[in-house]
Student: 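Before I ask anything, let me first share the structure, which is written out below as structure tokens.
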Amino acid sequence: MLARSYSVEVKRIALLVCLVHSAQARARDDLAEMLCKRMAATAKKVKAKLEEIHQRQRWVGENLISAYRGVLQGLVPGGPVEVAEVAAAQLVMLALTALRGSDGDADADTGPELGAGLGGEERGDSHWR
């Protein structure tokens, strides 16, 4: 139908309009595709950064919890801190006893003073635990 009723000039213009229209559509599609790729790359970077932040916060939280747990264990009667203090006091007393047994001229005042200093109860230093 276009071939019979229109002149060559009109046909040429119609073809040019179709060509321009398809070129514009292709350009818009390419632009939209470039934008989508750019946004996907940005989203990927942001997700990686967010995961890094989450890992760092998780590490900080776990360290705080373990430090808090250590503090609480130190406060518990019969906890590891108290057990270590008792063991250290016993070792010192054994060492002092061994010194007194092998060295007859060891100071008699040194023994009770050191023993009292470790336990803390004799001096009223129980608030350090």
Side-chain angles (χ1 to χ4, degrees):
M1 176 149 233
L2 189 62
R4 293 185 204 147
S5 60
Y6 295 107
S7 68
V8 175
E9 201 55 37
V10 172
K11 291 177 190 177
R12 205 174 277 153
I13 291 173
L15 286 174
L16 280 174
V17 168
C18 288
L19 180 66
V20 167
H21 177 70
S22 64
Q24 285 177 343
R26 194 173 328 125
R28 283 191 300 266
D29 289 345
D30 290 345
L31 184 62
E33 187 177 339
M34 286 180 355
L35 179 65
C36 287
K37 286 181 180 179
R38 184 72 178 254
M39 293 305 293
T42 303
K44 187 176 179 180
K45 288 178 186 176
V46 167
K47 281 183 182 180
K49 183 93 171 171
L50 183 62
E51 181 61 31
E52 179 185 322
I53 291 170
H54 279 211
Q55 287 177 352
R56 197 175 333 127
Q57 290 298 324
R58 193 175 309 125
W59 180 80
V60 167
E62 288 173 0
N63 284 344
L64 286 172
I65 289 171
S66 67
Y68 183 64
R69 186 174 290 140
V71 167
L72 288 179
Q73 285 177 349
L75 296 175
V76 172
V81 172
E82 189 173 328
V83 169
E85 283 178 350
V86 169
Q90 288 173 349
L91 286 174
V92 168
M93 294 307 285
L94 284 172
L96 288 174
T97 305
L99 276 175
R100 283 190 199 128
S102 67
D103 209 12
D105 57 319
D107 259 345
D109 294 331
T110 307
E113 200 173 296
L114 283 176
L118 283 177
E121 288 92 20
E122 288 84 6
R123 293 186 308 158
D125 289 336
S126 60
H127 69 278
W128 287 104
R129 292 197 249 163

Student: To the nearest 0.5 angstrom, please state how far the CD1 atom of I13 sits from the SG atom of C18.
Tutor: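 So the CD1 of I13 and the SG of C18 are separated by 12.0 Å.
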Student: Report yes or no: do L64 and W59 belong to one cluster of Ile/Leu/Val/Met/Phe/Trp/Tyr joined by side chain heavy-atom distances under 4.5 Å?
Tutor: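 Per the 4.5 Å side-chain linkage, L64 and W59 are co-clustered.
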Student: Let me confirm one number: the CZ-CD distance from R69 to E62, rounded to the nearest 0.5 Å.
Tutor: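 So the gap between those two atoms works out to 10.0 Å.
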Student: Regarding E33 and K37, does a basic nitrogen lie under 4.0 Å from an acidic carboxylate oxygen?
Tutor: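 Judged by the 4.0 Å cut-off on N to carboxylate O distance, E33 and K37 do form a salt bridge.
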Student: Distance check, rounded to the nearest 0.5 Å: D30 atom CG versus L35 atom CG?
Tutor: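 That separation rounds to 12.5 Å.
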Student: How long is the straight-line distance from CG of L19 back to CD of Q24, given to the nearest 0.5 Å?
Tutor: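 One gets 10.0 Å once the value is rounded to the nearest 0.5 Å.
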Student: Between atom CE of M39 and atom SG of C36, what is the distance when rounded to the nearest 0.5 Å?
Tutor: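 The distance works out to 9.0 Å.
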Student: Supply the atom-to-atom distance R56 CZ to E52 CD, rounded to the nearest 0.5 angstrom.
Tutor: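 Answer rounded to 0.5 Å: 5.0 Å.
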Student: Quick test of your reading of the model: are E9 and R12 salt-bridged, counting only N-O distances below 4.0 Å?
Tutor: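 So E9 pairs with R12 through a salt bridge.
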